[in-house]
Peer 1: 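Take this structure, written in structure tokens, and hold onto it; I'll ask about it next.
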Amino acid sequence: MKNVLKSFFESFLRSRHMRHHFERWQTLLSAKPSSLGSAAMPPEIAKALAAASHTDAGEVLVRMNSSSQGLTEAHALALRKRLGSNEVRHEQPLPWWNHLWQCYRNPFNLLLTVLALVSYITEDTKATVVIGSMVLLSTVLRFLQESRSNKAADRLKAMVSNTSTVLRPAPGEKAGRAGDDGFDLAHTGTLRMEVPMRDLVPGDVIALSAGDMIPADARLLSAKDLFISQSALTGESMPVEKFAATAADHQAGVLERDNLLFMGTNVISGTATAVIVHTGERTFFGALAQRVSATDRGTTAFQAGINRVSWLLIRFMLVMAPLVLVINGVTKGDWWEAALFALSIAVGLTPEMLPMIVTATLAKGAVVMSRRKVIVKRLEAIHNFGAMDVLCTDKTGTLTQDRIVLERHTNAWGEDSDHVLQQAYLNSFHQTGLKNLLDKAVLSHAEVQLDTQLQTGWRKVDEVPFDFSRRRMSVVVAHGEDEHLLICKGALEEILSVCTSVERGAEVLALDADVMARIHRVASELNAQGLRVVAVASRTLHADARKPAYSVADEAGLTLLGYVAFLDPPKESTAPALQALAAHGVAVKVLTGDNELVTRKVCGDVGIDAGRMVLGHEVERMSEAELRQVVEMRQVFAKLTPAHKERIVQALHANGHVVGFMGDGINDAPALRAADIGISVDGAVDVAKESADIILLEKSLMVLEQGVVEGRRTFANMLKYIKITASSNFGNVFSVLVASAFLPFLPMLPLHLLVQNLLYDVSQIAIPFDNVDEEFLKTPQRWNPADLGRFMVFFGPLSSVFDILTYTVMWFVFAANSVEHQTLFQSGWFIEGLLSQTLIVHLIRTRKIPFLQSRAAWPLLAMGAAIAAVGIWLPMGPLAHYFKLQALPLAYFPWLVLMLVGYATLTQAVKGWYARKYGWQ
């Protein structure tokens, strides 16, 4: 088994560790496994696990007050009330005071705090109050928005919860006694129930199969070819095989015990039953979580983009503020006043509302997407959703209806055969591993359901679970005492590789070249009809060949019986959804493990030109460079293993694409982790849901297309704030430099700059609720700091042109040309500067003509109008003297209107030229 599964295991483990439960304490887990041992947990927990390991399984059940049929519901409920939920401390939210501190401690707020302290020391009370208000506004708004978003996220996550299969005694049954192996698999008084992982308690007996997460620390009761990935805990490069036998080595470390399972690991292959020993914070995982305090995640693409933009603005500030200081100090001679003014300029260049705007925009996007049945597990994933330009998806359940029905059951010659159907039914009924849709279709077939003899006349002896390398699974059943029957079901090529003969009626023929050609021709004809063909083979094991346990080696010398063929019709919504994704710049590539004939038929039905398909064995032979070329040219890939899917996703990513992968099985986990954005569905296996960033409550490409659009809308509003703030602030600083060089007084007092910046920031609060032009939603969007820098250079100085015109009007028309009349000058520029900043919001938020072709949402319009009114009222109202402003003559306002109209006209003209030359993101 180890050799057969090796390629899949290596592929699975080359991918990133599970991102959501483990990333916060990955630093500790990077230590060598030997350093983690039992010393990493409280001694009493380690002692209890060690005791369970070297105690007979039946005795463990007795000590846990449990039984081979598990706990009763009443017993489990009583334990849950006493011990609490199966959750660990790191999953709890931060205390409010810690959260408030996290909202405050960003570079922008720290810079403002320093300026506030300087103002306080110099007894500039007004500046202290204004700057303090800015810090308070930024921090409190971010705190409130994040609190709301966290609550919304919790509600959304509650819609997607992982479950475990728990055994319960049937009503009226007495708890059974454990057998010699610790568990009576054939006990008829046992029910299987799906229970949320958080509701598990010590003593619960759980059933495990491929794809399951281990929900708590547990002692194995039975295991069949069970391989567990413990890399999330120990960093081991390969999965470990687990056994139910009592441990003989009492000196081995807890993690090295072969019969113990640990919370947070996952099942790669095989089946098992286990009794839970510890839950929540008393698990190995929980003990580690208590020792590690909120370790930061690695930097995501979204965070990296935010960081690059922030540092671009900070570097610009570090250049411009000293330049303002030197110019004003030299020209005015008052270096202290020049220093305060330079610090005010630094504040003006600081996008202190950026954290709040980002949080509010992402939270709003997540809530809107949830209404469209798209659950966002990580808010930052919304950016990648909007930036995605390639979507890789499986065929089954995405392009098709995920409603598989058993259409045909034939022998190898294409003739209907009830015998093949009966053998397939026995295989599906008795397997305890991962039952897929094909198994469910076989079990629900009406012709078989009537024959209860198939269920009661056969007993299960053993099974060899399915895995994605050999692509088949076997069960061994017995009808009498003398013979065992091994029934194998799986992909045709893999079944033929272990067959030596074929059955036709009462005859058994050797698999010669002519017979093989006939077999392949029949299968191809079924595939061409859009049917998925699964081969069925068997082997009778007489008394001399019987074994107590069977393995992959026993899958040899089989006789091919025939096929069961399934139909999974395409969804009616698939073709329109593919067209919609294409219209939004998202290329869809089909990555499937199915064969090329079925894949071509389904793709043709939904409007995908399969063209020259690439098969798994071809991917296997390609170098990385060759694969990177092929993934650009081809759209459909068939007969893939999990390793192939992962390589294709990585190749697309290496080519510069933002890649999404949509999958729901354990075989999809490597590709889900390799993708920029992993997308799964609520009905997926646990490990797939854990690997995904986005969970779809409805498995539909149309829902996905709506999510992509909302992701782009969310990103667009974040980008608006950054572009508007950066270009507006750059223009103001450029204007200050010009004025400082020629005026005998400061063009605006530090207090004026601070108040203007505060009012402008308040007006931006409504940006997350703004409308977005449809043109922006049609193409993928990404962070581009280089484009932001160019945008600042082009659009910032435009406002400076009209600032300088304002200087000229105030100097020559209104005679504000001396130190005695500087307040008049400063009041005129205060109003013009604030109104031009308010206007630029509407000019830059769209490529179109604002107010006419593209109108902002009413919250942004109302906020802008309110701030403009306040800006005019301050110099003209009773508080003018307090802010060192003065009323302006009415003749000033026609000049103001002319300058604002001119500014809008020039900006619109430059906007058109810029969009033609550089594009408009």
Side-chain angles (χ1 to χ4, degrees), residues 1-19 210-211 225 227-232 236-241 266-270 390 392-396 434 436 465-473 490-491 493-494 497 552 589-596 599 613-631 634 636-655 657 659-676 678-680 684-685 687-688 690-692:
M1 177 63 115
K2 295 176 182 175
N3 292 330
V4 176
L5 295 177
K6 183 177 179 182
S7 62
F8 170 61
F9 290 162
E10 289 177 342
S11 163
F12 187 88
L13 291 167
R14 275 198 303 269
S15 55
R16 297 192 297 272
H17 290 324
M18 304 185 95
R19 294 186 290 208
D225 296 326
F227 285 84
I228 301 292
S229 171
Q230 294 189 158
S231 60
E236 295 179 40
S237 60
M238 288 290 291
V240 293
E241 188 170 9
N266 60 278
V267 182
I268 297 294
S269 181
V390 175
C392 298
T393 179
D394 196 4
K395 171 181 64 65
T396 303
L434 188 65
N436 57 32
F466 178 86
D467 69 67
F468 295 96
S469 292
R470 67 186 222 286
R471 299 175 66 199
R472 60 180 184 264
M473 71 83 50
E493 294 298 331
E494 282 67 21
S497 69
V552 174
K589 294 184 183 292
V590 178
L591 277 57
T592 179
D594 215 339
N595 68 65
E596 62 271 30
T599 302
M613 277 191 288
V614 180
L615 304 183
H617 66 85
E618 298 175 287
V619 174
E620 192 76 38
R621 295 195 299 264
M622 292 180 187
S623 66
E624 297 304 320
E626 291 172 333
L627 184 59
R628 287 180 61 177
Q629 293 181 347
V630 169
V631 295
R634 305 301 177 204
V636 181
F637 301 79
K639 297 201 74 173
L640 301 178
T641 66
H644 298 151
K645 293 181 181 182
E646 181 188 25
R647 282 191 66 200
I648 291 169
V649 169
Q650 290 173 336
L652 288 165
H653 182 77
N655 288 346
H657 295 286
V659 187
F661 184 88
M662 183 173 176
D664 60 358
I666 184 175
N667 58 319
D668 296 320
L672 281 167
R673 292 172 178 147
D676 293 284
I679 306 164
S680 193
V685 298
V687 69
E690 283 296 318
S691 302

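Keep in mind that the numbers below use all heavy atoms, side chains included, and drop hydrogens, waters and symmetry copies.
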Peer 1: Determine yes or no for a side-chain-to-main-chain donor-acceptor pair under 3.5 angstrom, with Thr592 supplying the side chain and Asp394 the backbone.
Peer 2: no
Peer 1: Short question: side chain of Lys645, backbone of Leu672 - any donor-acceptor pair under 3.5 Å?
Peer 2: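 No: the side chain of Lys645 does not pair with the backbone of Leu672.
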Peer 1: Which atom pair, heavy atoms only, marks the closest approach of Lys589 to Val631?
Peer 2: NZ-O, 2.9 Å
Peer 1: Could you state the interatomic distance from SG (Cys392) to NE2 (His657), rounded to the nearest 0.5 Å?
Peer 2: 9.5 Å
Peer 1: Less than 4.5 Å apart, side chain to side chain, heavy atoms only: is that true for Ile648 and Phe637?
Peer 2: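 Yes; the side chains approach each other to less than 4.5 Å.
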Peer 1: Look only at the side chain of Arg628 and the backbone of Leu652, and say whether a donor-acceptor pair between them is shorter than 3.5 Å.
Peer 2: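 Not at all, since once roles are kept as given, no pair shorter than 3.5 Å links the two residues.
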Peer 1: Report the distance from atom NE2 of His617 to atom CD of Glu493, rounding to the nearest 0.5 Å.
Peer 2: 10.0 Å
Peer 1: Rounded to the nearest 0.5 Å, what separates atom OG1 in Thr641 from atom CD in Glu620?
Peer 2: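 Rounded to the nearest 0.5 Å, the OG1-CD separation comes to 6.5 Å.
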Peer 1: Between the main-chain N or O of Glu626 and the side-chain N or O of Gln629, is there a donor-acceptor pair closer than 3.5 Å?
Peer 2: no
Peer 1: Just so I know, are the side chains of Leu615 and Glu596 near enough to count as touching, which here means a heavy-atom distance under 4.5 Å?
Peer 2: yes
Peer 1: Are any non-hydrogen side-chain atoms of Arg647 and Val619 less than 4.5 angstrom apart?
Peer 2: yes
Peer 1: Measure the spacing between CG of Leu640 and CG of Leu591 and express it to the nearest 0.5 Å.
Peer 2: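 These two atoms lie 5.5 Å from each other.
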Peer 1: Minimum heavy-atom separation for Pro465 to Gly270, with atom names?
Peer 2: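 For Pro465 versus Gly270, the nearest heavy atoms are CG-CA, 3.7 Å.
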Peer 1: Evaluate the side-chain proximity of Phe661 to Arg673: yes if any heavy-atom separation is below 4.5 Å, no if none is.
Peer 2: no
Peer 1: Please check: side-chain N/O of Arg634 versus main-chain N/O of Val614, any donor-acceptor pairing under 3.5 Å?
Peer 2: no
Peer 1: Side chains of Arg472 and Ser497, heavy atoms from C-beta outward: is any pair under 4.5 Å?
Peer 2: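 Yes, at least one pair of side-chain atoms sits under 4.5 Å.
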Peer 1: Please report the C-alpha distance between Ile228 and Val267 in whole Å, then the side-chain angles of each, then the deciding distance to 0.1 Å, and finally whether the side chain to side chain contact (heavy atoms under 4.5 Å, CB included) criterion is met.
Peer 2: CA-CA 5 Å; Ile228 301 292; Val267 182; 3.8 Å; yes
Peer 1: Out of curiosity, Asn655 CG to Leu627 CG, how far, rounded to the nearest 0.5 Å?
Peer 2: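 That separation rounds to 8.5 Å.
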Peer 1: Heavy atoms only: give me the nearest Ala675-Val659 pair and the separation to one decimal.
Peer 2: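 Ala675 and Val659 have their closest heavy atoms at CB-O, 3.6 Å.
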Peer 1: Give the minimum heavy-atom separation between Ala674 and Gln650, together with the two atoms involved.
Peer 2: CB-CG, 4.0 Å
Peer 1: Which pair of heavy atoms, one from Met613 and one from Ala638, lies closest together, and at what distance?
Peer 2: SD-CB, 4.4 Å
